[in-house]
K.L.:
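Okay, here's the structure, questions in a sec.
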Amino acid sequence: MNSGEFEPEIVAYACHYCAYAAADLAGVMRLSYPPNVKIIKLPCTGKLDVLYVLKSFEQGADGVFVAG
Amino acid sequence: MIIAQQKPLEEIKGLLANYQRVLIAGCGTCVTVCFAGGEKEVGILASSLRMAFQVDGDPKDIREATVQRQCEWEYIEAIAEQVQQADVVLSLACGIGVQTMAERFRGKRLLPGLNTAFLGYPVEQGVWKENCAACGNCVLDKTGGICPIARCSKSLLNGPCGGSHDGKCEISDDVECAWDQIYQRLKELGLLDNMLEIMPPKDWSTGRAGGPKRIVREDLRPLSMGAGEHLSMGADEQGSEGSTLAPL
């Protein structure tokens, strides 16, 4: 992260079956992704709740990313 | 069940402006089922308010608690300690719950977070319909199970009126004519003769017109004198002649 430049903290809610598997595959392939993206695995994005999103923002996230 | 809606966030923020420690109290019965004031709505509102006050530069200590029912002493006792620790309690119960809490926790500021709307049921997901006016003198036996008091805009006992057209009420095409529905329902039931029966003027004293209502069941009271069952009306239920509605 460059000092002085705004880097948003992103919480990514990822589906166990697709997006999380893709992130896992990226790891296996030794690909890197920005450290300011925090991945949280969900059994399915259908499990996403408005409270999860609100809690993410409440605890300092600048953005929430839902992938599934 | 009792149907309610949450007040706008800005209005709730205004109510809480002068308090620092806030307890948002949910109710696990009617307002949970109509998605207005249950545990989940308490969580969403608390989170939204924390962020909103934070953004305004006035962060507050906002806590959450939900009981099974705010309209019964036994249940609200469970959060007595949390209530005492707060400067103010924002109740997400119906008006009954707010008043029960205010009565139990005298000296504590109790604020309503919901607008209590009506007695009704969900007709489909996300849609609720008023269908009881708690008039205290049910006529559903005569109207095929459709309430003309709650469902007719004029609460007519002998309808439909001249404003009924194509099954709709004259006040809006979005409002069904209750008496048209009653006619159709009685037809299905083979009870159309009911339409010919003229209902006499209703005794409205059993409803809001009779003042605050009260039911006393002597057989259920701890120190019962064995007087049977009474449905009493009015603030002074032992008093005036019209106060006892239906001694059984």
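Below, read A as the first sequence line, B as the second, and so on, with proteins coming before strands; counting in each chain starts at 1.
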K.L.:
For atom CZ of A:Phe57, is the number of surrounding heavy atoms from other residues, nucleotides or ligands below 6.0 Å larger than 12?
P.N.:
yes
K.L.:
Check whether more than 12 heavy atoms from other residues, nucleotides or ligands sit under 6.0 Å from atom CZ of B:Phe53, and answer yes or no.
P.N.:
yes
K.L.:
Between B:Lys40 and A:Leu51, what is the shortest heavy-atom contact and its length?
P.N.:
O-CD1, 4.2 Å
K.L.:
Name all residues meeting the salt bridge (Lys or Arg N to Asp or Glu O under 4.0 Å) criterion together with B:Arg50; count only those two or more places apart in sequence or in a different chain, and write none if there are none.
P.N.:
A:Glu58, B:Glu64
K.L.:
Mind checking salt bridge (Lys or Arg N to Asp or Glu O under 4.0 Å) for A:Lys38 and listing every partner two or more places apart, or none if nothing turns up?
P.N.:
A:Glu9
K.L.:
More than 12 non-hydrogen atoms from neighbouring residues, nucleotides or ligands closer than 6.0 Å to CD on B:Gln5, yes or no?
P.N.:
no
K.L.:
With a sphere of 6.0 Å drawn around CZ of B:Arg63, does it hold more than 12 non-hydrogen atoms of other residues, nucleotides or ligands?
P.N.:
no
K.L.:
Rounded at 0.5 Å granularity, tell me how far OG in B:Ser48 sits from CG in A:Leu54.
P.N.:
5.0 Å
K.L.:
Could you pull out all residues at least two apart from B:Glu103 that satisfy salt bridge (Lys or Arg N to Asp or Glu O under 4.0 Å)?
P.N.:
B:Arg106
K.L.:
Of the non-hydrogen atoms in A:Val50 and B:Ile44, which two are nearest, and what is the gap between them?
P.N.:
CG1-CD1, 3.1 Å
K.L.:
If contact means a heavy atom pair closer than 4.5 Å, which residues of residues 77-99 of chain B contact chain A?
P.N.:
none
